[in-house]
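The figures that follow rest on heavy atoms only: side chains count, while hydrogens, waters and symmetry mates do not.
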Amino acid sequence: QVQLVESGGGLVQAGGSLRLSCAASGLIFNDYAMGWFRQAPGKEREFVAAISWSGAFTYYRDSVQGRFTISRDNAKNTVYLQMNSLKPEATAVYYCAANRDYSSLRRVVANYWGQGTQVTVSS
């Protein structure tokens, strides 16, 4: 079975930092582009960041550009999201996802989803 397990969420004050991790199993990790998404209550799930299979290419939504960094360690089958200068509007459940197609991931289309981890940014 394919499993994506997120960790690292929690409560942080505005301006603080948090690093999320997503451990993958049951798939050939190097075959997949990986992404991070978030969903706030009453809102649609939205794209946050994506990274190609090799880590050579990354893409971010405009609102997090320069503050968030996505990375991956293929030897550990893990993808990360470093979040700096956090704002209250970043409060959401964050999901890890995998897709063979990098561009589809940017459109919130994925083959597999994790269970999510809560991130709460207080003011």
Side-chain angles (χ1 to χ4, degrees):
Q1 304 160 358
V2 174
Q3 286 190 306
L4 304 176
V5 182
E6 301 96 333
S7 62
L11 175 64
V12 64
Q13 290 187 334
S17 298
L18 216 54
R19 189 171 90 146
L20 306 182
S21 298
C22 173
S25 61
L27 77 169
I28 302 174
F29 189 68
N30 293 359
D31 286 352
Y32 289 84
M34 302 295 297
W36 287 97
F37 305 80
R38 64 189 180 190
Q39 188 167 23
K43 293 187 176 181
E44 297 291 320
R45 189 169 300 183
E46 65 182 17
F47 169 80
V48 177
I51 187 167
S52 62
W53 70 268
S54 67
F57 303 98
T58 59
Y59 191 84
Y60 303 89
R61 69 179 297 110
D62 289 344
S63 62
V64 308
Q65 187 81 241
R67 298 185 298 109
F68 288 16
T69 302
I70 187 171
S71 62
R72 66 191 295 163
D73 186 340
N74 287 350
K76 297 181 178 179
N77 286 7
T78 301
V79 62
Y80 306 93
L81 184 67
Q82 178 67 46
M83 303 184 292
N84 298 327
S85 301
L86 282 164
K87 302 175 181 179
E89 49 262 44
T91 296
V93 176
Y94 282 70
Y95 297 90
C96 175
N99 199 304
R100 291 182 181 273
D101 181 20
Y102 177 79
S103 60
S104 293
L105 207 53
R106 292 168 53 187
R107 303 184 185 98
V108 201
V109 176
N111 297 131
Y112 306 104
W113 294 92
Q115 82 289 349
T117 185
Q118 177 71 46
V119 171
T120 303
V121 184
S122 64
S123 59

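From S63, atom OG reaches atom NZ of K87 across 7.5 Å, with rounding to the nearest 0.5 Å. Going from atom CG of L18 over to atom CG of N84 covers 10.0 Å, rounded to the nearest 0.5 Å. With rounding to the nearest 0.5 Å, the separation of CZ in R106 from CG in N99 is 12.5 Å. How far CD of Q115 is from CG of L4: 8.5 Å, rounded to the nearest 0.5 Å. Taking OG1 of T58 as the start and CD1 of I51 as the end, the distance is 6.5 Å to the nearest 0.5 Å.
Formation of a donor-acceptor pair under 3.5 Å by the Y60 side chain with backbone atoms of I70 is found in this model. Distance alone, capped at 3.5 Å, is enough to place a donor-acceptor pair between the R72 side chain and the S52 backbone. Remark: side-chain polar atoms of N74 are paired, donor with acceptor, to backbone N or O of W53 under 3.5 angstrom.
Counting only residues at least two apart or on different chains, the disulfide (SG to SG under 2.5 Å) pairs with a member in residues 2-107 are C22-C96. Among pairs with a residue in residues 25-85, none fulfils disulfide (SG to SG under 2.5 Å), at least two apart in sequence or across chains. Identified under the disulfide (SG to SG under 2.5 Å) test for residues 42-87, with sequence neighbours left out: none.
The closest side-chain heavy-atom distance from F29 to M34 is below 4.5 Å. Taking the side chain as every heavy atom from C-beta outward, T91 and Q118 approach each other to under 4.5 Å. Residues V119 and V121 form a side-chain contact, since some pair of their non-hydrogen atoms from C-beta on lies under 4.5 Å apart. By the 4.5 Å heavy-atom criterion applied to side chains, Y32 and Y112 are counted as neighbours.
Exactly one residue among E6, E46, E44 makes a salt bridge (Lys or Arg N to Asp or Glu O under 4.0 Å) with R38. That residue is E46.
Cluster annotation: V2 and V79 are assigned to the same hydrophobic cluster (Ile/Leu/Val/Met/Phe/Trp/Tyr, side-chain heavy-atom contacts under 4.5 Å, transitive). A chain of hydrophobic side-chain contacts below 4.5 Å, direct or via other Ile, Leu, Val, Met, Phe, Trp or Tyr residues, connects V48 to L86.
For Y94, the ring-ring contact (aromatic ring centres under 6.0 Å, His included) test picks out no residue, with sequence neighbours left out.
Connectivity analysis of hydrophobic side chains (ILVMFWY, heavy atoms under 4.5 Å, direct or indirect) links F47 to F37, F57, Y59, V93, Y95, Y102, L105, V108, W113. Other cluster members for V109: none, since no ILVMFWY side-chain heavy atom sits under 4.5 Å from it.
When the shell of 6.0 Å around CD of Q65 is examined, it contains more than 12 heavy atoms from other residues, nucleotides or ligands.
The nearest pair of heavy atoms linking S123 to P88 is CB-CG, 4.1 Å. Here the shortest heavy-atom pairing between W36 and S21 reads CH2-O, 3.7 Å. R67 and S85 get closest at one heavy-atom pair: NH1-O, 2.8 Å. Contact between L27 and A98 at its shortest, heavy atoms only, is CD1-CB, 4.3 Å.
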